[in-house]
Trainee: 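Attaching a single structure in structure tokens format; questions to follow.
Proteins get letters first, then strands, A, B, ... in listed order; numbering begins at 1 in each. What you are looking at is a predicted structure, and each value in this text was computed from that prediction instead of being measured.
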Number of protein chains: 2
Amino acid sequence: MREVKHSLAGACPPPTVSDAIILGPGLAIHGSRMRFGRNEEIFGEGEAADHICRVVSGAVRTSRFSSDGRRQILAFHLPGDVFGIEPGGVHSLSAEAITEAEISLIRRSLVETAAAQDARAARALIELMSRQLTSAREHALVLGRKGASERVAAFLLQLADRFRAHGEISLPMSRSDIADYLALTIETVSRSFTQMERDHTIELPSSRRVVVCDRSALELLQAA
Amino acid sequence: MREVKHSLAGACPPPTVSDAIILGPGLAIHGSRMRFGRNEEIFGEGEAADHICRVVSGAVRTSRFSSDGRRQILAFHLPGDVFGIEPGGVHSLSAEAITEAEISLIRRSLVETAAAQDARAARALIELMSRQLTSAREHALVLGRKGASERVAAFLLQLADRFRAHGEISLPMSRSDIADYLALTIETVSRSFTQMERDHTIELPSSRRVVVCDRSALELLQAA
DNA sequence: CGCTCGATTGAGCCGCGTCAAAGTGCGTGG
DNA sequence: CCACGCACTTTGACGCGGCTCAATCGAGCG
């Protein structure tokens with residue numbers, strides 16, 4: 001729909017989004033690139049949010065903990081995705097690297113002055129948040145209204161679209177991450193995978209690699 | 001935190017938010033006020049979103065339908081709340097009046113030009129969306145990580161805070177609305193209410209009126 | 001080769017959904 | 001004013017899907 005969208009939403013991991021640019025057509029803000037190791041925290045709930053983050057390579061999860069300590073993963077972020085926008089200045093969720101990851105960190109103050117001075121930058125920010133809002137709502141719909149295998153199917157379809165991978169998807173996240181994203185247990189996720197494999201809907205060359213054999217079956221399953 | 005916030009987030013229904021103003025400190029956009037009857041559709045999924053809406057009086061629900069036809073209510077909107085912001089121009093959810101409601105409709109184009117010309121307006125929009133994003137995430141956490149009675153407790157606390165009603169809350173929505181918001185059945189919602197009444201946590205003078213007797217018990221229950 | 005961590009598989013249980021039947025409040029018309 | 005009807009709510013009995021607990025399997029790595 002718009003130049004920004006391509007570089008932010010649809011992204012293909014293997015040829016890593018190599019640039020550290022964030023907003024608008026003419027207008028680019030460079031951030032400082034940082035590396036994070038597996039499971040390393042990028043920021044935590046309650047911390048000051050003076051940076052906005054963009055995935056350059058690798059994968060990131062953002063999560064919150066319920067009062068009884070259970071983790072809910074709210075989103076996975078792949079190369080090109082932006083996360084950690086907090087106009088209030090305090091992070092309301094935490095972010096960790098799932099795999100070794102390169103993150104470009106842009107000072108919030110820079111983004112804010114850019115948004116204040118350039119209408120296109122403000123517009124880009126608004127669209128970014130709008131997209132996050134849409135996927136948060138979709139997520140709520142999945143958690144509220146779908147059964148276990150439907151959730152897993154929805155997850156796989158979503159991932160297949162984001163990696164524009166023909167055929168094989170290599171999952172950056174563990175079963176535990178998937179379970180905490182879909183609000184299931186690892187056992188249930190595992191059983192759903194196995195069942196789909198039995199039905200020849202997917203193949204599992206290894207636990208982290210998924211081949212979608214029958215996309216329409218997945219779509220049917222997702223609807224349920 | 002900011003003048004806008006007070007008029008948009010915390011609102012007290014009885015003295016209805018009588019104004020049709022929307023953004024910023026100096027900057028106000030007037031909308032045309034419209035009345036909607038019980039269960040009347042304000043806008044539907046897929047329709048063109050050329051207006052942004054603000055509740056003047058009454059209550060509104062926004063919802064989406066899962067592919068198998070089950071409804072998920074994403075949010076309730078009370079006087080002062082803004083809903084229906086869609087930068088993409090198409091509504092990704094539908095909105096209906098829960099009770100007789102007055103809604104002020106502001107042309108999207110006006111808001112967009114305001115946001116393009118005035119940085120404060122853009123900022124206000126961004127904060128509005130940020131707040132919606134935060135509550136969508138909170139909702140996902142509740143749906144993903146809480147049991148039935150914990151969900152109901154969370155719902156009651158949330159509502160008690162939004163109506164700054166001392167003691168009694170009068171629910172604008174039916175059990176069916178509550179169930180579709182919390183992703184439960186009406187039976188389970190009803191049972192949770194009854195159980196809380198037995199525990200002297202709440203009282204139910206009528207099915208639409210709730211008195212919170214023991215707030216800390218609710219908070220404890222919510223955490224679970 | 002063996003250790004460790006993640007994934008899979010199985011058995012049993014429990015919370016919530018489903019189905020069914022009263023019960024309650026409110027508006028309408030006699 | 002009361003009788004009736006309808007929509008909503010409550011309550012009960014029962015079944016099932018997904019969680020829990022536990023054992024086994026498999027892959028990466030020292």
Side-chain angles (χ1 to χ4, degrees), chain A residues 37-39 61 66 68-73 98-100 142-156 170-199 202-210 221 224, chain B residues 37-39 61 66 68-73 98-100 142-156 170-199 202-210 221 224:
Chain A
R38 233 174 192 260
N39 293 323
R61 59 175 177 253
S66 110
D68 63 333
R70 313 239 299 160
R71 180 179 68 161
Q72 177 65 53
I73 291 180
I98 293 178
T99 62
E100 186 91 356
V142 170
L143 297 189
R145 291 295 164 216
K146 291 185 194 283
S149 48
E150 311 163 32
R151 293 186 202 188
V152 175
F155 169 74
L156 285 177
S170 91
L171 305 174
M173 69 289 282
S174 68
R175 292 289 183 271
S176 170
D177 286 331
I178 299 173
D180 285 355
Y181 176 67
L182 297 175
L184 298 169
T185 58
I186 49 175
E187 292 94 331
T188 302
V189 172
S190 181
R191 277 185 254 266
S192 297
F193 273 120
T194 310
Q195 188 55 47
M196 286 175 176
E197 196 178 23
R198 269 197 207 101
D199 301 341
I202 60 170
E203 278 171 23
L204 289 164
S206 83
S207 71
R208 295 291 187 109
R209 298 189 310 155
V210 183
L221 197 57
Chain B
R38 236 174 189 256
N39 294 323
R61 59 176 177 251
S66 112
D68 62 333
R70 311 238 301 159
R71 181 179 67 161
Q72 176 66 53
I73 291 180
I98 293 178
T99 62
E100 184 91 357
V142 170
L143 297 190
R145 291 296 165 217
K146 291 186 194 279
S149 48
E150 313 163 30
R151 293 186 203 188
V152 175
F155 168 74
L156 284 177
S170 89
L171 305 174
M173 69 289 284
S174 68
R175 294 288 184 271
S176 170
D177 286 332
I178 299 173
D180 284 356
Y181 176 67
L182 297 176
L184 298 170
T185 58
I186 48 174
E187 293 93 333
T188 302
V189 172
S190 181
R191 278 185 254 267
S192 297
F193 273 119
T194 309
Q195 188 55 47
M196 286 175 177
E197 197 178 22
R198 270 198 206 99
D199 301 341
I202 60 170
E203 277 171 24
L204 289 165
S206 84
S207 71
R208 295 291 187 109
R209 298 189 310 153
V210 182
L221 197 57

Trainee: Does the R70(B) side chain pair with the main chain of R145(A), one donor and one acceptor, at a distance under 3.5 Å?
Mentor: no

Trainee: What's the shortest heavy-atom distance between Q72(B) and G144(A), and which atoms?
Mentor: OE1-CA, 3.6 Å

Trainee: Write down the atom of R151(B), the atom of L182(B), and the distance for their closest heavy-atom approach.
Mentor: NH1-O, 2.8 Å

Trainee: To the nearest Å, give me how far apart CG (D180(B)) and P (dC16(C)) are.
Mentor: 17 Å

Trainee: Contact between V210(A) and F193(A) at the side-chain level, heavy atoms closer than 4.5 Å - yes or no?
Mentor: yes

Trainee: Using OP1 and OP2 only, check whether a side-chain N or O of R208(B) sits under 4.0 Å from dT9(D).
Mentor: yes

Trainee: Within the structure shown, what part of the strands sits under 4.0 Å from R151(B) by heavy-atom distance: base, sugar-phosphate, or nothing?
Mentor: nothing

Trainee: Is it the case that the side chain of R175(A) and the backbone of E187(A) share a donor-acceptor pair, with hydrogens and angles ignored and the cut-off at 3.5 Å?
Mentor: no

Trainee: Output the rounded distance in Å from CG (L143(B)) to P (dC16(C)).
Mentor: 13 Å

Trainee: Just the rounded figure in Å: distance from P of dC25(D) to CZ of R175(A).
Mentor: 19 Å

Trainee: Expressed as a whole number of angstroms, how long is the span from R38(A):CZ to dC5(C):P?
Mentor: 13 Å

Trainee: For K146(B) and dC16(C), what is the distance between atoms NZ and P respectively, to the nearest whole Å?
Mentor: 13 Å

Trainee: Between dG17(D) atom C1' and E150(A) atom CD, what is the distance in whole Å?
Mentor: 11 Å

Trainee: Which distance, rounded to the nearest 0.5 Å, do you find between the CG of L204(B) and the OG1 of T194(B)?
Mentor: 7.0 Å

Trainee: Figure out the CZ/P separation between R145(A) and dG17(C), and round it to whole Å.
Mentor: 9 Å

Trainee: In whole angstroms, how far is the C1' atom of dC8(D) from the CE atom of M173(B)?
Mentor: 16 Å

Trainee: Give the residues of residues 183-198 of chain B touching DNA chain C, defined as any heavy atom closer than 4.0 Å, sorted by residue number.
Mentor: A183(B), L184(B), T185(B), E187(B), T188(B), R191(B)

